[in-house]
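Accompanying notes for the structure given below.
So that the names make sense, note that chain A is the first sequence line, chain B the second, and so on, each numbered from 1.
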There are 2 protein chains.
Amino acid sequence: MPRKSSPVNIDPRVKRTRRLLRDALVSLILKKDFASITIKEVTERAEVAYITFYRHYETLDQLLMEVLDEGLVELMTHIETLAKQSDASALETEGRLIFEYILQKADLFRILLKSQSVTRVRRKVVRNIAIIFQKSCVPLERLGNQVTINIASNHIATSLLALIEWWLENNMNPSPTEMGKVYKSLIIDSTVGAVRSLSIVSM
Amino acid sequence: MPRKSSPVNIDPRVKRTRRLLRDALVSLILKKDFASITIKEVTERAEVAYITFYRHYETLDQLLMEVLDEGLVELMTHIETLAKQSDASALETEGRLIFEYILQKADLFRILLKSQSVTRVRRKVVRNIAIIFQKSCVPLERLGNQVTINIASNHIATSLLALIEWWLENNMNPSPTEMGKVYKSLIIDSTVGAVRSLSIVSM
DNA sequence: TCCTTTTGTTATACTGTGTAACAATGTTTG
DNA sequence: CAAACATTGTTACACAGTATAACAAAAGGA
């Protein structure tokens, strides 16, 4: 296994090989079920020797995580900056921007949602989104106790993912603008309202 | 492949074999990851010849679906009868009953949620729950257009599943009574409210 | 009991995983 | 540029799991 992050300069051959493997996996996921993809297939498409795969990764899951990490970091920072602007007028715009972003990177999201078959991936994505909302969504952190906040942020994260999934399955209709309204009303406003009413009854 | 449903009377040997295979799979899922379970393992635990599996099923997925179908039909009818009583006073009770039901059959639900790694299973469950709510949840079918209703029922189904999953991961705390409140407030009331406000802006 | 169906046993072809040894190629450093 | 080093390619192999076939044994229904 070649060193990866210890020295600052990575061997260009290593860089190249890993890129080829990632690209090969991505192109395969876009037209096959992830579960049916084999290491042999990936290395053949990458035009790399079979054993070379094992010199960089242990499993296909690991390679998949690396692929998703690239894309997820981008999505996360995107949502994070949006989630910080929590005044009511900006919320609808926030929703619209999320769905416009997805429209741009539809391929990546199809991969992400297809890969949810790998449970680990799903959990990781949900947790990351939940943490972002828990930290940066102002109305949440003021209301309710810890349990309520945990439930609520988990609810937002899973709902957002489910809404994105639904939208992709419906060929990205309706428009991002309308999905922005849905996002604001169905996910954010609803959850904030529910947390408020739950904290009144003092769970 | 022995006949299954054509004649009313199924050969007792067939019935026995299938039950043994289902039970074996269930007991394996409860202590292993589904993805790592092999047909050989299942047949050995069922004390049945390896080839006998193929005389009844084509894949492990298929056997899993049969296992889940048993449990799901039960859950579905349970939720369905509950969803019909949709007056506000009954909703909290409805929620409590759902989570008490899950508490009773915790094993089945752990299997169900573990098996969500099989994407087909997840989709099927979500669709079934969504259809139930779409049909029987009175406030939904009166408000909003078709798209909004689709989104809303999908939202309820995925949120309910996510909430159940969260609860199981947290060792079924808090109590079913409190989860009932969360269910009513966070999922049902919120969604109905959102659909109402979305239909006013006339999507 | 006789006939049919199901199950068990054994053997086999095939695919994919994971490792090993050594040769060939590319990269860096003196 | 050449030597030293790291990575990649080739070939071979052991292994596990899938899927099927042929025939014998056991169980069920008429």
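Here D:dT8 presents its C1' atom at 12 Å from CG of A:Leu21, a figure rounded to the nearest Å. For the pair A:Gln62 CD and C:dT17 P, the interatomic distance rounds to 15 Å; values are reported in whole Å. One can place CZ of B:Arg18 at 8 Å from P of C:dT7, the figure rounded to the nearest angstrom. Atom P of nucleotide C:dT5 and atom NE2 of B:His56 are separated by 15 Å, given to the nearest angstrom. Distance, B:Lys15 NZ to C:dT7 C1': 18 Å, rounded to whole Å. Note: CG (A:Leu60) to C1' (C:dG16) measures 11 Å, nearest angstrom.
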- Message: Across nucleotides 18-30 of chain C, 5' to 3', mark each nucleotide with B, S or - according to how protein heavy atoms within less than 4.0 Å reach it.
- Response: BBB-----BSS--
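Paired with B:Gln134 under the rule side chain to side chain contact (heavy atoms under 4.5 Å, CB included), one option of B:Ile149, B:Asn154, B:Ile129 passes, and it is B:Ile149.
For the contact set between residues 40-47 of chain A and DNA chain C, defined by any heavy atom under 4.0 Å, the members are A:Lys40.
Counting only heavy atoms from C-beta outward, the side chains of A:Phe109 and A:Trp167 never approach each other to under 4.5 Å. Put simply, the side chain of B:His56 reaches to within 4.5 Å of the side chain of B:Val14, judged on heavy atoms. A:Thr158 has its side chain out of reach of B:Ser159: every pair of non-hydrogen atoms, C-beta onward, lies at least 4.5 Å apart. You'll find the side chain of A:Asp61 reaches within 4.5 Å of the side chain of A:Phe34, heavy atoms only. Between A:Pro174 and B:Val147 the shortest side-chain heavy-atom distance falls below 4.5 Å.
Salt bridge status for A:Lys32 with A:Glu41: present, with a side-chain N to carboxylate O gap under 4.0 Å.
The aromatic rings of B:Phe53 and B:Tyr57 sit tilted, their planes meeting at an angle between 30° and 60°. Note on ring orientation: taking the six-membered ring where Trp is involved, the planes of B:Tyr183 and B:Phe133 are tilted (angle from 30° to 60°).
Remark: A:Thr38 is not in phosphate contact with C:dT15, judged by side-chain N or O atoms under 4.0 Å from OP1 or OP2. Applying the 4.0 Å criterion to OP1 and OP2 of D:dG9, one finds that A:Thr52 has a side-chain N or O inside that range.
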- Between A:Val48 and A:Val42, is a side-chain contact (heavy atoms from CB on, under 4.5 Å) present by the stated rule, with each step listed? CA-CA 9 Å; A:Val48 151; A:Val42 174; over 6 Å; no
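Defining each end axis of the helix from C:dT1-D:dA30 to C:dG30-D:dC1 as the rotation carrying four pairs' C1' atoms onto the next four, with five pairs an end, the two axes are found to diverge by 30° to 10 degrees.
Side-chain contact annotation: B:Ser36 with B:Asp33, donor-acceptor N/O pair under 3.5 Å absent.
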